[in-house]
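Residue numbering restarts at 1 for every chain, and letters A, B, ... go by the order of the sequence lines.
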Amino acid sequence: MASDTDARHAQHEEAQVSRRQFVKRAGIVGGTVGALGAAGVLQGCTAADGAGASSQWWLPAKWDVETDVVVVGTGDAGCPAAIRAHDAGAKVIVIDKGDFFGGCSVLGGGNSQLACTSIQTRFDITDDPEWDYDDTMEFGLYRSNPEVLQAWIDNSDSYARWAEDVCEMAWARIGKQEPARVPRSHLAAAYRGQSEGSGIVISMHFFEQLEKRGIEVLLRHKMTKIFREPNGPVLGIEVETPDGTIAIKARRGVVIATGGFKGNSQMVRAWHPAFDETLIWSGWPDVLPTGDGHLCVMNIGGGVVDMSFIMEFSGRLGSRQYVRWDRPHFDNPSTRTGLPNSRLEHIVFVENSGRRYLNEAGWEAGHTLPWLPHMVAFLNIKGRPRMEWMVTDQDGAEDAEWTSYEDAFINPDPTKSPCIEPGWVAKADTLAELARQMGVPAAALEETVATYNASVAAGADPEFQRPGPLFPIARPPYWAARWCRMSHDQCTGIRVNQKMQVVDQMEQWQPDGGDSKPISAEKVIPRLYAAGECTGGTGGAVRGSGKRGWYQVHGYIAGDLVAKETPLA
Amino acid sequence: MSKDAPVSEPTLHCPEILLSRRRVEETDEGARLVLIVRVSCPHFCNLTGTTVLVTDNEGGELELPLASFNGVENETDEFIVATGSRGGTYSWTASYLDAGEGRPSHDLVTSTLSFDYRPHATSLAVWGYPAHACAGDSVTLMVGATCSKGCVLEGRRVSVLDEGGRECAEAALGSRPWEGTQALYWGTATFTLGAPRGLQRFDARLGDDAEHGAAACGFSLFVAPQPDCILTIAVCGQGDGAPVVGATVSVHPRVATTDTEGTVVLAACAGSARLDAYAEGYERYHADLLVTGDSTLTVSLVPKPRYEEDF
Ligand SMILES: Cc1cc2nc3c(=O)[nH]c(=O)nc-3n(C[C@H](O)[C@H](O)[C@H](O)COP(=O)(O)OP(=O)(O)OC[C@H]3O[C@@H](n4cnc5c(N)ncnc54)[C@H](O)[C@@H]3O)c2cc1C
Ligand SMILES: [Zn+2]
Ligand SMILES: [Zn+2]
């Protein structure tokens, strides 16, 4: 023990010395180069382990396991990567920190956007690569990386056919989703009791293919670090297992497919300070996408793109659960959550203070982005936690079809469909009583509704310009339900090139790093690939719908290429 | 096996705490609140077995274990706190501090919840009045009153005052609560609208009695001139031109829904008017009109693009 500490101490000193020397040599260039030096030194400190490894501090004390390829994550991106790497002749280990297979991918809807495929042709759909490119660019606010986006377009067809021919999946239907001018959203056929178009079907097929090949899948194995030779290749990863920490050597390379970071409220806040309260946990798997891949990659010199765009939001009415699913299994269907929220004509929205705060007509239940007006209105709510209540009368409750959920208003039960949270719904004889149940000031709510009703009578809403016709909130009883905004998934992430290789961000610190060059010409971190929701670049600032298709194609590309790397000794 | 300590792990975690209210119940002695405390740590720590301290504003204390963990949030079981029988603001504070022996400790965090208890609080509702009326029309409306303790308010009187504060009508509350409510005792009031046109505000007022305080509720009516024109409005979908059945069309202050031919007939006054229309699956429509006589109009609604949504 003691010798260990001493060794570490000595290592630390050595690192300090080398940094001072470095800065001295760098002379007046100062700040920038110093920062680069510091990054290198930091690794020296953290990886210090003594045991005679002083000259190779970046290595683990020993490699506990060796393989050709390690894939981190069992979602839509990790699975095709593992299968393809295996089929290209590599020995593959797949790890996942979850205690079940499939990550968010088992829970998500199955819409998979793919471009210009022969499956589309089979369904008489004519697509065009330029349309794919333009649609996605426009939808993503022109922040896609041209080459990364093109890689998805160029590889979609071979992936779609591979999914059928090799993974025994059947594409049953192609739907139209934003931002498509033609249908591109490929939906898998029903399988083993799970319905057509459900996301879990995709995971089931991948799982069976991994099993069939005998590919080792280690659950409850969490990557905590990537080992990289300074300025050199990635060598392997550190993994926390139920039996302790191990180091896995990856002779050909590592594929990071760890999903998004919506479960990491610190990361969300760091990139978008308006999210100053913890986002509501929106369903079982959200404990998994915590940005581990992003953090490990940044720690060895990789970077991230467009992170301030953070994510898409969705929501549920009266429920804090986006999807309810008790311990996911392939034979365990999910439960419907939340109250109907599509008919809002008779509804006003109030926040913590009992006052309106937006034009209700501009509100959307579906996928929303932080810069849309109603999200901005939400972010401007002063109280914490921010509350958004939909308030209406009996006419409105009938119009919105809340009346058929009356029991959920009276006996809310978060464990039974529609999984209503006690305290998140209210029904009362008067607005004052309603306010008492909601926990907002009664006088303010009464005044808000009286003012609104006067606007209704006058035929114009001077406060928020809600377009008519407007309906009064009058006939008792009164009803209210609280809206829950939930992070849905990330738009952006680790910076990769068109081969899904992680770009070496450190190059931008170099004197010639400022030259504008295509991402394919940028230096990469050798043997490090990333795929799926953890990456950025394909779709720019907006993910849109059905991007599982992107993620599957990412994995498909990365798996083949990583297997073809020349193995390390 | 690597012997590295995970250096990025801070030894002091900053959790979040929320004391939240699930239900409020009235009793003879005051109000009872059913509460729950949630503690979440950004590192997803399972904190079950550690305790939350809940204090009230009179120094009372309650220690509660965090009983369940769902992977992110630690929750206590539901627990009950009570107000006194006197009216006023009561508050409770939940605090969490975990010294964390042999594991990371958790910093002190607190969350306060207050509740304004008003015994026998009365409040009013007004409904059933027309969206618009003409000067000289007789207007009938419903007024209801409720007591937070559910007292029978039969026989109590609610007066209706006009903008100048003059009583223009009165309602006597009946013996049975309004359908669908617990204890909203109600009656009707009828009065005749005076000359001024435009928006008129009224107030319904319930006086106090030995047990109950007073209550008031404002409402507004739009007093329109007698209509002198008839507008026939046909609504169709842009593109196919097919009639849109069930579209809502308004020329303020009148609103109607299109019939099976996609048509509504609305009375209107000569002069400028605003036409609004919407139907499910279409973009909203709005136009400013100058009404000069009976006329027939066609409104074509732009269909919204149809997409499959991720769920
Ligand atoms: C309820 C819901 C509905 C959705 N609906 C749709 C939809 O209809 N269409 C659509 O396109 N998208 C949808 N999405 C989003 C979509 O599911 C995800 O974007 C997609 O599945 C991401 O795939 P992935 O492989 O990149 O990541 P994931 O499926 O999230 O997989 C990442 C895996 O990495 C593992 N991991 C993370 N960190 C580590 C670590 N340190 N060590 C080891 N393993 C780690 C995780 O445990 C996880 O299993 C939905 C998401 C949700 C939650
Ligand atoms: Zn913690
Ligand atoms: Zn009473």
Heavy-atom proximity to chain A below 4.5 Å, by part of [X]:
X	answer
B:Leu124	backbone
B:Leu221	backbone
B:Ala273	neither
B:Arg38	side chain
B:Glu25	neither
B:Arg21	both
B:Val255	side chain
B:Ala183	both

Could you check which of [options] has the highest count of heavy-atom pairs closer than 4.5 Å to chain B?
options	result
A:Glu178, A:Glu277, A:Arg343, A:Arg475	A:Glu178
A:Gly197, A:Ala432, A:Pro476, A:Gly366	A:Pro476
A:Ser185, A:Gly459, A:Pro477, A:Ala458	A:Ala458
A:Ala450, A:Gly423, A:Pro469	A:Pro469

**OP:** Taking atom CZ of B:Arg22 as the centre, report whether more than 12 heavy atoms of other residues, nucleotides or ligands fall under 6.0 Å from it.
**Re:**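 Buried by this count: over 12 neighbours within 6.0 Å.
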**OP:** May I ask you to check whether over 12 heavy atoms, not counting those of A:Arg269, lie within 6.0 Å of atom CZ?
**Re:** yes
Need one label for [X]: side chain, backbone, both or neither, based on atoms under 4.5 Å from any heavy atom in chain B.
X	value
A:Glu446	side chain
A:Leu187	side chain
A:Met438	backbone
A:Ala180	backbone
A:Glu421	side chain

Do [X] and [Y] make a side-chain contact, defined as non-hydrogen atoms from C-beta onward lying under 4.5 Å apart?
X	Y	answer
B:Phe222	A:Val456	no
B:Gln182	A:Glu433	no
B:Ser148	A:Arg436	yes
A:Gln394	B:Glu179	no

To check you understand the geometry: which heavy-atom pair defines the closest contact between [X] and [Y], and what is its length?
X	Y	answer
B:Arg284	A:Ala361	NE-CB, 4.1 Å
B:Leu184	A:Asp429	N-OD2, 3.3 Å
B:Trp127	A:Ala474	CB-O, 3.3 Å
B:Arg201	A:Ala454	NH1-CB, 3.6 Å
B:Arg23	A:Pro422	NH1-CB, 3.9 Å

For the atom pair [atom1] ([X]) and [atom2] ([Y]), what is the distance rounded to the nearest 0.5 Å?
X	Y	atom1	atom2	result
A:Asn453	B:Tyr129	CG	OH	4.5 Å
B:Leu18	A:Arg384	CG	CZ	13.0 Å
B:Cys14	A:Gln266	SG	CD	8.0 Å
B:Ser250	A:Phe471	OG	CZ	7.5 Å

Specify which of [options] makes the most heavy-atom pairs with chain A at under 4.5 Å.
options	result
B:His132, B:Glu280, B:Glu78	B:Glu280
B:Gly144, B:Ala125, B:Pro305	B:Ala125
B:Leu199, B:Thr122, B:Ile36	B:Leu199

**OP:** Measure from the side-chain N and O atoms of B:His252 to the backbone N and O of A:Gly468, and report whether any donor-acceptor pair falls under 3.5 Å.
**Re:** no
